[in-house]
Amino acid sequence: MSQIDDLPPLREVVRTHGLMAKKSLGQNFLFDLNLTSRIARSAGPLEDATVIEVGPGPGGLTRAILAAGARKTIAIERDSRCLPALAEIAERYPGRLEVVEADALEFDPRPLVGDGLVRIIANLPYNVGTALLTGWLTGEAWPPWWASLTVMFQREVAERIVADESDPKNYGRLGVLCGWRTEARILFDVPPSAFVPPPKITSSVVHLTPRASPLPCRIGALEAVTRAAFGQRRKMLRQSLKSIAPDPAPIISAAGLEETTRAENIPVEGYVALANAYDEMRKQLG
Ligand SMILES: C[S@@+](CC[C@H](N)C(=O)[O-])C[C@H]1O[C@@H](n2cnc3c(N)ncnc32)[C@H](O)[C@@H]1O
């Protein structure tokens with residue numbers, strides 16, 4: 001498959017619109033429409049979905065999402081230089097692409113999506129991607145407003161997203177948060193040579209779907225215990241939890257854990273139990 005639509009090749013689009021990649025915006029573009037189609041298809045069925053695409057750039061992934069049949073796509077791009085190229089795609093797919101010029105870290109797309117299934121798809125700079133992911137996972141309401149996230153990350157970040165206690169090197173706060181609320185998996189790697197300009201590292205596409213009923217706990221408490229535990233990941237719990245409780249022994253035992261355990265060996269259920277024990281202690285202290 002070399003043609004997915006009758007729009008000009010992406011190299012030509014970038015040339016015509018003078019879209020020289022800006023490092024400050026983490027711009028590494030994908031020109032291979034076979035690859036962008038693979039990413040779009042891996043998000044799941046799109047025909048009945050509204051897709052939120054973050055960082056469409058010149059529109060390689062946007063075109064693949066639309067060619068894959070997405071009913072409606074809302075694309076949020078910070079770089080105004082990309083808007084004319086995106087307007088040409090919107091013209092090719094009347095009524096199906098809405099482009100919003102905004103910083104995705106500040107823009108809330110929820111009022112635009114209406115009812116129905118929402119899928120989020122993005123190829124983003126690493127720092128923005130992790131911040132957005134954390135935002136999507138830490139809403140009070142669960143299940144969330146989106147049905148799936150299909151997002152490109154640096155391979156190293158992807159490994160941290162899917163890690164659990166069986167992979168102590170990569171397991172940390174991100175792995176606990178993702179494992180608690182979602183089922184996350186790495187779908188495939190994308191080599192540096194696929195991007196223009198090529199980044200230094202390999203990237204991976206990660207797919208996350210919300211768990212219907214994550215184990216109940218307050219998110220602020222989960223954040224507090226994971227911050228304390230992984231903040232001193234080489235120390236035993238009886239030491240690392242001192243930053244949130246002068247005597248952490250009762251919390252650790254109420255959670256059914258050993259005082260000598262280290263952060264990287266505790267499964268998600270253990271952190272949920274610690275978060276609930278921490279809240280119980282705070283309640284008792286008034
Ligand atoms: C890695 S490029 C990917 C572009 C395109 N999706 C592709 O795959 O070729 C990242 C895109 O995200 C945009 N971007 C960076 N920070 C952003 C932010 N905070 N909000 C919205 N878009 C952002 C950049 O301008 C750029 O177009």
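Counting starts at 1 for both ligands and their atoms, in listed order. A quick note: this is a predicted structure, and the numbers were derived from the prediction, not measured.
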Side chains of Arg71 and Thr50 only: does a donor on one sit below 3.5 Å from an acceptor on the other?
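On atom types as modelled, these side chains qualify, holding a pair under 3.5 Å.
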
Have Glu53 and Thr62 got a donor and an acceptor in their side chains that come within less than 3.5 Å?
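Distance-only check passes for Glu53 and Thr62.
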
Would you say ligand 1 has an N or O under 3.5 Å from any N or O of [X]?
{"X": "Asn28", "result": "no"}
{"X": "Pro125", "result": "no"}
{"X": "Gly55", "result": "yes"}
{"X": "Ala104", "result": "yes"}
{"X": "Asp103", "result": "yes"}

Using a heavy-atom cut-off of under 4.0 Å, does the side chain or the backbone of [X] touch ligand 1, or both, or neither?
{"X": "Cys82", "value": "neither"}
{"X": "Ala122", "value": "neither"}
{"X": "Ile76", "value": "backbone"}

What closest approach, in Å, do Leu66 and Arg96 show between heavy atoms, and which atom pair accounts for it?
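So the minimum-distance heavy-atom pair works out to O-NH2, 2.8 Å.
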
Looking at Phe153 and Thr130, what are the two nearest heavy atoms and their distance?
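Where Phe153 meets Thr130 most closely, the heavy atoms are CE2-N, 3.9 Å.
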
To which of Arg63, Arg78, Glu77, Glu106 does the heavy atom nearest atom 25 (O) of ligand 1 belong?
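Of the listed residues, Glu77 has the closest heavy atom.
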
Can you tell me if CZ on Arg185 sees more than 12 non-hydrogen neighbours from other groups inside 6.0 Å?
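No, CZ of Arg185 has 12 or fewer neighbouring heavy atoms, counting only those of other groups under 6.0 Å.
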
Closest protein heavy atom to [atom], given as residue, atom name and distance to 0.1 Å:
{"atom": "atom 26 (C) of ligand 1", "value": "Gln27 CG, 3.6 Å"}
{"atom": "atom 3 (C) of ligand 1", "value": "Asn123 O, 3.2 Å"}
{"atom": "atom 15 (C) of ligand 1", "value": "Leu25 O, 3.3 Å"}
{"atom": "atom 9 (O) of ligand 1", "value": "Leu30 N, 2.8 Å"}
{"atom": "atom 5 (C) of ligand 1", "value": "Pro56 O, 3.3 Å"}

Could you tell me which atoms of ligand 1, counted from 1 in the order shown, lie closer than 4.0 angstrom to a heavy atom of [X]?
{"X": "Gly26", "value": "1 (C), 2 (S), 10 (C)"}
{"X": "Phe29", "value": "4 (C), 9 (O)"}
{"X": "Ala102", "value": "20 (N), 21 (C)"}
{"X": "Gly57", "value": "27 (O)"}
{"X": "Asp79", "value": "25 (O)"}
{"X": "Glu53", "value": "6 (N)"}

Yes or no on salt bridge (Lys or Arg N to Asp or Glu O under 4.0 Å) for Arg160 and Glu156, after CA distance, side-chain angles and deciding distance?
CA-CA 7 Å; Arg160 290 204 279 119; Glu156 169 244 321; 3.6 Å; yes

Out of Leu274, Asn276, Leu237, which one pairs with Ile251 under the side chain to side chain contact (heavy atoms under 4.5 Å, CB included) rule?
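Of Leu274, Asn276, Leu237, side chain to side chain contact (heavy atoms under 4.5 Å, CB included) with Ile251 is met by Leu274 alone.
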
Presence of salt bridge, [Y] and [X], under 4.0 angstrom:
{"X": "Glu159", "Y": "Arg155", "result": "yes"}
{"X": "Glu264", "Y": "Lys169", "result": "no"}
{"X": "Lys283", "Y": "Glu280", "result": "yes"}

Within the structure, is a non-hydrogen atom of Gly60 found at a distance of less than 4.0 Å from ligand 1?
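No, that is not the case, since the closest heavy atom of the residue is not under 4.0 Å from the ligand.
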
Hphob cluster co-occupancy, Ile65 + Phe29, side-chain heavy atoms under 4.5 angstrom:
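They do not share one cluster, since no chain of ILVMFWY contacts under 4.5 Å joins Ile65 to Phe29.
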
Given side chains that start at C-beta, do those of Leu61 and Met152 come closer than 4.5 Å, heavy atoms only?
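No; the side chains remain at least 4.5 Å from each other.
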
Assess the residue pair Leu30 and Ile39 against the criterion (side-chain contact (heavy atoms from CB on, under 4.5 Å)); give the C-alpha distance rounded to whole Å, side-chain angles, the decisive distance to 0.1 Å, and a yes or no.
CA-CA 11 Å; Leu30 294 172; Ile39 298 170; 3.9 Å; yes

